[in-house]
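Just below is one structure, and these are the notes that go with it.
FYI, the numbering just counts along the sequence from 1.
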Amino acid sequence: MVFLRFDEMEEILQKFHISQKKVSRLEQLILHFQSRHSDLEHEVLNLRKKLEEKDQEIQQLTEKYEAVKLAKGLDASIDSAELIAKIDKYLKEIDICLRYFGVQE
């Protein structure tokens, strides 16, 4: 049987209490970091959603830009009546080509 002196027991108790405090502090840190991790995951999801929205917005703006670029490519001096006449002419030419290749309307 081993007997400990009082001062040895006291030292062991102090070390035990110090260890308990350290464990308690570690538990607090773990809870804090788990909460922070959850917050960061939520933030990542929100940022991914915003990124997807921005990607869609970029796509729409690109399409609008292409339409404007095409519109600017048309002769600005042509009035709407001339433009309609040109479109009608192109449609008639397309109809002629379709008939030539045996495609019926």
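Here the straight-line distance linking atom CG of Leu47 with atom CG of Leu40 works out to 10.0 Å at 0.5 Å rounding. Separation of atoms CD1 (Ile84) and CG (Leu91) is listed at 11.5 Å; rounding is to 0.5 Å. Note that CG of Leu61 is 12.0 Å distant from CD of Glu66, once rounded to the nearest 0.5 Å. For the atom pair CD (Glu8) and CD1 (Ile12), the distance works out to 7.0 Å, reported to the nearest 0.5 Å. In this structure, CG in Leu45 is found 7.5 Å from NE2 in His42, a value given to the nearest 0.5 Å. Distance OH/Tyr90 to CG/Asp95: 15.0 Å, rounded to 0.5 Å.
Listed by chain and number, the residues in a salt bridge (charged side-chain N to carboxylate O under 4.0 Å, His left out) with Asp39 amount to none (sequence neighbours excluded). Partners of Gln60 according to the side-chain hydrogen bond (donor to acceptor under 3.5 Å, both in side chains) rule, which considers only residues two or more places apart in sequence or in another chain, do not exist here. Judged as a salt bridge (charged side-chain N to carboxylate O under 4.0 Å, His left out), and not counting sequence neighbours, Glu43 has no contacts. For Lys15, the salt bridge (charged side-chain N to carboxylate O under 4.0 Å, His left out) partners at least two apart in sequence or on another chain are Glu11. Under the side-chain hydrogen bond (donor to acceptor under 3.5 Å, both in side chains) criterion, Glu41 pairs with no residue at all, not counting sequence neighbours.
Side-chain atoms of Thr62 come within 3.5 Å of backbone N or O of Ile58 as a donor-acceptor pair.
For residues 47-56, no pair satisfies side-chain hydrogen bond (donor to acceptor under 3.5 Å, both in side chains), with sequence neighbours left out.
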